[in-house]
Amino acid sequence: DWAGATRIIAAGDGPVWLEPPSGPASYHAILITSGAYVEFSGINVDAHNSVDGLKITSGGANLPHHIRFADAEIKNAQGQGVLVTQGSSHHEFVRLKVHDNGTTDFHHGLYVSTPDNVVGHCEVWQNAGWGVHFYGGDPSRCKVHHSFIRDNARAGARGYGIGVYTGADIRIEHNEVKNNHGGITFRYGANRSIARGNLIEDYDFRGAVYVAKTAFGTWLPHNHIKGAIIVEPGAKVFWRKPPPGSAIRPTSRPPSPWR
């Protein structure tokens, strides 16, 4: 458990930067394929010579889980800032600054396709595509909270602040999401997910909030929304009570501060 975790912590008075050299060995600035209960703290990444800044994925039988990356900056990757895929789960991304990653709108600040991951108290800006992208695999029960997602879609016409495309019971709570190409969207196979207590400001034609008819049981209580709310005909949206089968419970407490 976390009480016995391995901790890799920046030492010294100044910031610590990991800047891989160019070449095949720098495909990912940090690649994690095994291990559990490992915390990286204060290890900044300048990934301008790498495809991805941080990738956590399966390396075989030893699936990585419970990896925490905290109090750091991840910038300048040619692909994804953070990529979580293929069998890994239960990771935490805390107090990160993730910015200026990617070269096309298929490259995002954080791209997550596995379950039970948390993004909290982060600032995500100026990435080529989406700020935070839940797509592929099964990102069920992931959470984004108390984060500032702004000014993404740097590469072109596409790039929501937060996109939920697959998975169930994903929680988007108490964030500030503004000035992206669309605020928060729920599409494809997103089931019983919630956006609660967020400040969402986006005047793009894609909407501050967009819910597709293929996303079942989207729950949208207590948000402060500036911009259009677009709900496709046939979409199941719940404004107060949770959808049937939801693992997320209502709360009588007022929304906490966005950041």
Exam field: side chain [X] to backbone [Y], donor-acceptor pair closer than 3.5 Å:
X: Ser113; Y: Gly137; result: no
X: Asp52; Y: Gln80; result: yes
X: Asn198; Y: Asn175; result: yes
X: Asn223; Y: Gly197; result: yes
X: Asn180; Y: Asp151; result: yes
X: Thr166; Y: Gly136; result: yes
X: His181; Y: Asp204; result: no

With a 4.5 Å cut-off on side-chain heavy atoms, are [Y] and [X] touching?
X: Leu18; Y: Phe40; value: no
X: Arg150; Y: Glu176; value: no
X: Ile32; Y: Leu54; value: yes
X: Lys143; Y: Glu173; value: yes
X: Ile67; Y: Ser88; value: no
X: Arg68; Y: Tyr37; value: no
X: Asn117; Y: Pro139; value: no
X: His121; Y: His145; value: yes

In plain terms, say whether Asp116 and Arg141 are close enough for a salt bridge, that is, a side-chain N and a carboxylate O under 4.0 Å apart.
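Judged by the 4.0 Å cut-off on N to carboxylate O distance, Asp116 and Arg141 do form a salt bridge.
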Are His99 and Glu73 close enough that a side-chain donor and a side-chain acceptor fall under 3.5 Å?
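On atom types as modelled, these side chains qualify, holding a pair under 3.5 Å.
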Going by atom types alone, do Asn101 and Asn127 pair a side-chain donor with an acceptor below 3.5 Å?
yes
Any residue meeting side chain to side chain contact (heavy atoms under 4.5 Å, CB included) with Asn76, in chain and number order, not counting sequence neighbours:
Asp46, His48, Asp100
Taking only residues two or more places apart in sequence or in another chain, which ones pass side chain to side chain contact (heavy atoms under 4.5 Å, CB included) with Ala47?
Ala29, Val45, Ser50, Ala77
What pair of heavy atoms forms the shortest contact from Arg154 to Gly102, and how long is it?
NH2-O, 3.0 Å
Heavy atoms only: give me the nearest Ser147-Gly120 pair and the separation to one decimal.
OG-C, 3.7 Å
Trp219 with Val144, same ILVMFWY side-chain cluster at under 4.5 Å
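They do not share one cluster, since no chain of ILVMFWY contacts under 4.5 Å joins Trp219 to Val144.
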On the ring face of Phe238, is Arg192 found with NZ or CZ under 6.0 Å from the centre and within 45° of the axis?
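Verdict for Phe238: no cation-pi partner in Arg192.
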For His91 together with Phe69, are the ring centres under 6.0 Å from each other?
no
Do the two ring centres, one from His66 and one from His90, sit under 6.0 Å apart?
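Judged by ring-centre distance (under 6.0 Å), His66 and His90 do meet the cut-off.
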Go through it in stages, so that I can follow the logic: the residues are Asp71 and Ser41, the test is side-chain contact (heavy atoms from CB on, under 4.5 Å), and I'd like the CA-CA distance, side-chain angles, deciding distance and then a yes or no.
CA-CA 6 Å; Asp71 299 304; Ser41 180; 3.9 Å; yes
Hey, what's the ring geometry for Tyr135 with Tyr165, parallel, tilted or perpendicular (30° and 60° as the breaks)?
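Ring orientation of Tyr135 relative to Tyr165: perpendicular.
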Mind telling me whether Tyr160 and Trp130 have parallel, tilted or perpendicular rings, with 30° and 60° as the class edges?
tilted
Could you tell me which residues satisfy salt bridge (charged side-chain N to carboxylate O under 4.0 Å, His left out) with Arg187, sequence neighbours excluded, listed by chain and number?
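Arg187 satisfies salt bridge (charged side-chain N to carboxylate O under 4.0 Å, His left out) with no other residue.
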Drop me the distance from Tyr210's OH to Ile230's CD1, to the nearest 0.5 angstrom.
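Here the rounded value is 6.5 Å.
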